[in-house]
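Accompanying notes for the structure given below.
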Amino acid sequence: MTFQEQILQGIPAVLPQPKPYEPQINHAPKRKEILTEEEKKLALRNALRYFEPQHHATLIPEFKAELETYGRIYMYRFRPDYRMYARPISEYPGKCEQAKAIMLMIQNNLDYAVAQHPHELITYGGNGAVFQNWAQYLLTMKYFAEMTEEQTLVMYSGHPMGLFPSHPDAPRVVVTNGMVIPNYSKPDDWEKMNALGVSQYGQMTAGSYMYIGPQGIVHGTTITVLNGFRKIKKSPKGGLFVTSGLGGMSGAQPKAGNIAGCVTVCAEVNPKITHIRHSQGWINEIIENIDELVPRVKKALAAQEVVSIAYLGNIVDVWERFDQENLHIDLGSDQTSLHNPWAGGYYPIGYTFEESNNLMANNPEQFKEEVQKTLRRHAAAINKHTVKGTYFFDYGNAFLLESSRAGADVMNDHPTLGREFKYPSYVQDIMGPMCFDYGFGPFRWVCASGNPEDLAKTDKIACDVLEEMMKTAPEEIQQQMADNIQWIKGAQENKLVVGSQARILYADAEGRIKIAEAFNQAITRGEIGYVILGRDHHDVSGTDSPYRETSNIYDGSRFTADMAIHNVIGDSFRGATWVSIHNGGGVGWGEVINGGFGMVLDGSKAASRRLESMLFWDVNNGISRRSWARNEGAVFAIKRAMETQPLLKVTIPNVVDDGLLDF
């Protein structure tokens with residue numbers, strides 16, 4: 001069968017042969033035993049809903065074995081034989097170009113070069129899933145191939161509920177992931193519901209089909225590292241950045257360090273992902289012996305090299321040994337998947353990678369104790385360095401949150417906020433006040449043709465737009481504009497593409513609209529193919545996350561989620577091609593609500609109308625919330641937006657003289 005025929009087939013009527021387990025692939029760790037015997041039967045009943053009754057007797061022992069061996073029913077037998085990657089949009093079957101674009105994005109999320117655990121349909125973060133099982137993938141792709149512009153696909157945590165009648169201006173897909181009742185958002189609730197096959201953790205951009213590989217976070221990490229060095233008033237050249245994690249999102253860190261121009265040491269315990277990042281050119285060197293790492297770093301600092309070094313081992317060894325050697329760390333962070341601490345997101349010191357995985361599956365309570373013991377040591381080592389002048393920031397991965405829960409020394413008393421973390425979130429200290437408050441966030445686009453020449457053309461279009469805007473940009477956003485122009489000019493030479501022909505660029509609403517309109521006009525002229533717009537959920541308006549995206553909200557509302565919900569509702573009727581809303585993402589299940597969108601540009605007047613309406617709302621919804629929280633940059637930005645759009649009327653906060661409150 002051809003690729004198109006396989007897509008149109010959906011779930012095959014004749015069972016395919018079982019697939020052999022491929023040990024060379026980076027697989028998800030075994031999930032812990034959490035279901036009762038009756039619940040295991042329920043999980044099997046749930047899985048078998050996808051298949052005709054004549055196949056049940058064959059599939060029951062197979063699915064039961066998967067549940068017992070891996071803690072989940074992935075339905076490996078139904079994994080497609082074709083190569084998984086983002087094909088040119090013209091190669092997908094279908095009646096609707098928008099649907100074809102979404103199929104392209106789904107396959108990109110599952111590309112072996114992009115996905116962390118491709119056979120388990122997990123894109124990044126250890127549990128950030130596109131689907132729960134392969135039957136969902138097959139059925140979803142078939143629905144897209146059948147969809148018309150008069151239908152909308154409804155997705156319930158990876159399950160395609162079905163195609164429903166709608167209209168051309170409605171989203172083609174509405175995605176929800178993990179939207180459970182609030183009192184059932186504990187980690188074990190997710191483990192149980194995911195094992196039952198009724199909910200999933202979509203992360204931020206995995207379950208919303210908008211992940212573009214590590215490039216998606218390289219730009220934000222580069223801005224963070226550059227501004228981190230600016231905060232300590234030191235040039236990155238000859239500076240040292242120490243961090244950990246080389247997985248889906250965290251793999252961007254060494255590349256960002258290279259672009260910023262410092263020495264980067266990034267620890268990772270998983271040999272497979274370490275060597276993948278090395279083969280992709282995202283890290284320069286791998287060192288497995290701490291005794292070799294120390295002199296290599298000293299040599300690099302003395303020579304002011306721009307180099308990224310992966311230490312294949314536990315990050316605690318690095319922090320402790322560098323303290324003993326009195327090796328000064330300028331910037332420090334952590335980007336392990338601590339939103340998922342008990343299922344492979346963070347590994348304890350004193351165990352090999354294999355030993356940790358065995359302990360995790362077979363003795364989860366001891367594994368948890370060892371992880372928390374390691375977190376206490378990790379935090380203690382960091383504290384020794386910060387006393388010497390290291391600037392440490394939390395990268396929004398729940399490092400400080402889980403460390404505090406482990407009893408680590410990471411808390412301080414704040415005069416107005418009470419007990420607070422002693423180290424700021426990178427959003428709280430850098431990205432929030434410098435970028436998000438002014439409307440700058442991770443705007444993305446993907447060239448649907450798959451042609452690298454189209455990407456080069458879009459890079460130039462975006463650069464030309466920004467340089468023209470820079471001429472009249474107010475002083476308050478000159479630095480942001482300059483950083484982004486520098487970024488886009490170096491995008492090609494830094495070889496950031498992994499998977500689809502995609503780009504990320506931090507831009508405000510004005511920049512996003514002007515760039516998107518310029519793309520749409522280029523499509524109309526036949527200069528480039530279709531372009532798919534999107535963004536990271538980690539943005540101005542998409543995410544309510546009290547310890548990350550909204551950590552610089554100080555009016556008491558940072559634990560509310562009105563902004564993210566309004567964002568998705570508003571995008572839906574303003575022209576988004578698809579929208580998504582998730583529980584969890586980045587900092588953990590039950591800790592955040594985040595939403596995203598995708599939009600297909602086809603060169604039409606309708607696309608031009610939609611992009612202006614939707615992109616303006618998508619950013620200014622968040623700026624208005626940040627303004628109401630009395631954030632000075634956001635007050636400036638929303639007043640400027642109202643000057644450009646007469647229909648925008650936003651309530652501006654009045655500020656109280658603090659002296660009047662001294663009673």
Side-chain angles (χ1 to χ4, degrees), residues 21-32 70-72 110-129 201 203 206 211 213-214 217 242-255 264-290 293 308-319 333-362 364 367 370-371 374-375 378 395 397-399 402 498 586:
Y21 186 85
E22 298 181 23
Q24 71 275 18
I25 298 296
N26 194 35
H27 288 282
K30 180 186 176 182
R31 308 304 184 185
K32 69 179 181 181
Y70 310 113
R72 298 292 186 271
L110 296 172
D111 185 332
Y112 284 22
V114 174
Q116 184 182 16
H117 305 308
H119 287 191
E120 289 77 36
L121 302 116
I122 290 170
T123 303
Y124 64 88
N127 58 1
Y201 193 91
Q203 255 288 350
Y211 188 59
I217 199 172
V242 170
T243 185
S244 50
L246 283 172
M249 297 296 277
S250 53
Q253 296 179 108
K255 173 66 83 172
T264 303
V265 174
C266 189
E268 171 60 58
V269 296
N270 185 336
K272 281 183 183 175
I273 196 63
T274 302
H275 289 289
I276 286 172
R277 294 292 175 236
H278 187 251
S279 68
Q280 291 173 338
W282 289 69
I283 52 176
N284 301 126
E285 302 173 16
I286 299 173
I287 294 178
E288 300 186 30
N289 189 321
I290 194 76
L293 179 66
S308 54
I309 303 167
Y311 172 64
L312 187 51
N314 199 290
I315 182 60
V316 178
D317 287 328
V318 177
W319 283 100
S333 191
D334 178 85
Q335 208 177 12
T336 52
S337 296
L338 267 162
H339 69 277
N340 182 32
W342 324 127
Y346 185 90
Y347 283 78
I349 194 166
Y351 294 82
T352 67
F353 184 60
E354 293 75 17
E355 288 170 345
S356 292
N357 283 329
N358 287 333
L359 188 65
M360 186 195 314
N362 300 318
F367 180 81
E370 295 296 331
V371 163
T374 303
L375 282 168
H378 194 164
Y395 218 120
N397 63 328
F399 171 72
E402 287 302 333
V498 177

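Side chains included, hydrogens not; waters and symmetry mates left out as well; all remaining heavy atoms used.
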Between His339 and Tyr346: side-chain donor-acceptor atoms closer than 3.5 Å: no
Residue pair Tyr351 / Asn314, side-chain donor-acceptor N/O under 3.5 Å: no
Considering all heavy atoms of both residues, which atom of [X] and which atom of [Y] are nearest to each other, and what is their separation?
X	Y	answer
Ile273	Leu246	CG1-O, 3.2 Å
Ser308	Asn284	N-OD1, 2.8 Å
Val371	Pro341	CG2-O, 4.1 Å
Gly313	Ala267	O-CB, 3.7 Å
Phe367	Pro348	CE1-CD, 3.7 Å
Ala343	Pro29	O-CG, 3.5 Å

Residues forming a side-chain contact (heavy atoms from CB on, under 4.5 Å) with Asp111, sequence neighbours excluded: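 Per chain and number, Asp111 pairs via side-chain contact (heavy atoms from CB on, under 4.5 Å) with Tyr85, Ala113, Val114.
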Worked check of side chain to side chain contact (heavy atoms under 4.5 Å, CB included) between Ile276 and Gln280: CA-CA 6 Å; Ile276 286 172; Gln280 291 173 338; 3.7 Å; yes
Intermediate values then yes/no, side chain to side chain contact (heavy atoms under 4.5 Å, CB included), Thr243 and Tyr395: CA-CA 10 Å; Thr243 185; Tyr395 218 120; 5.8 Å; no
Could you check whether any side-chain heavy atom of [X] comes within less than 4.5 Å of a side-chain heavy atom of [Y], counting everything from C-beta outward?
X	Y	result
Val242	Ile315	yes
Thr123	Gln203	no
Leu338	Leu375	yes
Ile290	Tyr311	yes
Leu121	Leu110	yes
Asn127	Ser337	no
Glu120	Arg72	no
Tyr347	Asn357	yes

When rounded to the nearest 0.5 angstrom, what is the spacing between [atom1] in [X] and [atom2] in [Y]?
X	Y	atom1	atom2	answer
Thr264	Glu285	OG1	CD	11.5 Å
Arg277	Ile283	CZ	CD1	9.0 Å
Ile286	Ile309	CD1	CD1	11.5 Å
Asp317	His378	CG	NE2	11.0 Å
Gln335	Glu268	CD	CD	11.5 Å
Glu22	Tyr112	CD	OH	5.5 Å

Main-chain N/O of Gly126 paired to Gln116 side chain as donor or acceptor, under 3.5 Å: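 Yes; at least one donor-acceptor contact below 3.5 Å.
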Whether Thr336 side chain and Gly245 backbone form a donor-acceptor pair below 3.5 Å: no
Within the 6.0 Å centroid threshold, strictly below: His27 and Tyr21: yes
For Lys30, salt bridge (Lys or Arg N to Asp or Glu O under 4.0 Å) partners two or more places apart: none
